[in-house]
Amino acid sequence: QVQLAESGGGAVQAGGLLRLSCAASGRIFSSAVMAWFRQAPGKEREFVALIRRGSGTSLYADSVKGRFAISRDNANNMLYLHMNALKPEDTAVYYCAVGPEYSNTPPSYRYWGQGTQVTVAS
């Protein structure tokens, strides 16, 4: 069983930055994929970024490419999302997730955190 806990959300002005953290506990295979998704009110959960726990290969949604960076610290079972040049449309609850597949779709991920709110004011 894997448990995930996000932190680091908050309210910022447009153009600002935040770093989200996700603490993982339990057994996570080196081949696992760790990802960030987000969900805005009234919208479906959408992919933000993912990273292979072993190789560090990453993938980003077009909407965040060049502004966000995903990283992991395997020794401490941590996942991060560094968010720069934030826009009001980035406002959402951000979730970390762990799964076995290199996939940008929510059903591919078995374990989810509770989410952390990010609000970007214009």
Side-chain angles (χ1 to χ4, degrees):
Q1 188 75 11
V2 174
Q3 293 183 324
L4 304 171
E6 303 94 338
S7 61
V12 297
Q13 293 292 113
L17 58 88
L18 280 175
R19 187 185 79 162
L20 304 185
S21 300
C22 175
S25 60
R27 186 176 183 182
I28 305 176
F29 293 103
S30 60
S31 59
V33 177
M34 306 182 77
W36 289 96
F37 288 80
R38 66 187 182 187
Q39 188 165 18
K43 295 188 176 182
E44 294 185 352
R45 191 165 298 189
E46 67 170 359
F47 168 73
V48 175
L50 65 79
I51 189 167
R52 284 195 184 276
R53 190 168 185 268
S55 68
T57 303
S58 60
L59 179 71
Y60 294 91
D62 288 344
S63 59
V64 306
K65 202 173 292 183
R67 299 188 299 123
F68 290 11
I70 190 170
S71 64
R72 86 273 189 239
D73 176 355
N74 291 342
N76 292 297
N77 274 349
M78 295 293 295
L79 177 70
Y80 301 102
L81 185 68
H82 308 263
M83 306 187 293
N84 298 302
L86 283 160
K87 303 175 181 180
E89 51 263 45
D90 295 318
T91 295
V93 176
Y94 283 70
Y95 299 89
C96 65
V98 173
E101 299 180 28
Y102 191 81
S103 169
N104 62 0
T105 61
S108 297
Y109 292 83
R110 180 175 180 182
Y111 300 105
W112 292 85
Q114 293 300 306
T116 186
Q117 176 70 46
V118 171
T119 302
V120 184
S122 58

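Residues meeting the salt bridge (Lys or Arg N to Asp or Glu O under 4.0 Å) test with K65, sequence neighbours left out: D62. The side-chain contact (heavy atoms from CB on, under 4.5 Å) test applied to V93 returns Y95, Q117, not counting sequence neighbours. For T57, the side-chain hydrogen bond (donor to acceptor under 3.5 Å, both in side chains) test picks out S55, with sequence neighbours left out. Residues passing the side-chain hydrogen bond (donor to acceptor under 3.5 Å, both in side chains) test with Q39 are R45, sequence neighbours excluded. Scored by the side-chain contact (heavy atoms from CB on, under 4.5 Å) test, A121 finds Q13 as partners (sequence neighbours excluded). Checked against side-chain hydrogen bond (donor to acceptor under 3.5 Å, both in side chains), R53 has the following partners two or more places apart in sequence or in another chain: N77. In this structure, the ring pair (Phe, Tyr, Trp, His ring centres under 6.0 Å) partners of Y109, at least two apart in sequence or on a different chain, are F37. S31 meets the side-chain hydrogen bond (donor to acceptor under 3.5 Å, both in side chains) test with no other residue; sequence neighbours excluded. In this view, P100 satisfies the side-chain contact (heavy atoms from CB on, under 4.5 Å) rule with no residue, not counting sequence neighbours.
Closest heavy-atom contact between Y94 and L20: CB-CD1, 3.5 Å. Contact detail for V48 and V64: the closest heavy-atom pair is O-CG2, 3.5 Å. In terms of heavy atoms, S103 sits closest to L50 at O-CD2, 3.2 Å. The two residues F47 and L59 have their closest heavy-atom pair at CZ-O, 3.5 Å. Heavy-atom minimum distance, R67 versus L86: NH1-CA, 3.8 Å. Closest non-hydrogen pair, A49 versus L81, comes out as CB-CD1, 4.4 Å.
Shown here is E89, whose CD atom has more than 12 heavy atoms of other residues, nucleotides or ligands within 6.0 Å. Annotation: Y102, atom OH; neighbour count of heavy atoms from other residues, nucleotides and ligands within 6.0 Å is above 12.
Side-chain contacts under 4.5 Å among hydrophobic residues (ILVMFWY), followed directly or transitively, place M78 together with Y80.
Here side chain to side chain donor-acceptor pair (under 3.5 Å) pairs that include residues 1-11, with residues two or more places apart or in two chains, number zero. The salt bridge (charged side-chain N to carboxylate O under 4.0 Å, His left out) pairs that include a residue from residues 16-41 are R38-E46, R38-D90, where partners are two or more places apart or lie in different chains.
In this structure, CG on L18 lies 12.0 Å from NE2 on H82, to the nearest 0.5 angstrom. Separating the CG atom in L79 from the SG atom in C96 is a distance of 6.0 Å, to the nearest 0.5 Å. Rounding to the nearest 0.5 angstrom, the gap separating the CD1 atom in I51 from the CG atom in N74 is 8.0 Å. Interatomic distance, C22 SG to M34 CE, rounded to the nearest 0.5 Å: 5.5 Å.
With T91 contributing its side chain and V120 its backbone, the two residues share a donor-acceptor pair below 3.5 Å.
Under a hydrophobic clustering in which Ile, Leu, Val, Met, Phe, Trp and Tyr are joined whenever their side-chain heavy atoms come within less than 4.5 Å, directly or via other members, W112 and I70 fall into different clusters. Y111 and W36 fall within the same hydrophobic cluster, defined by Ile, Leu, Val, Met, Phe, Trp and Tyr side-chain heavy atoms under 4.5 Å apart, directly or through other members.
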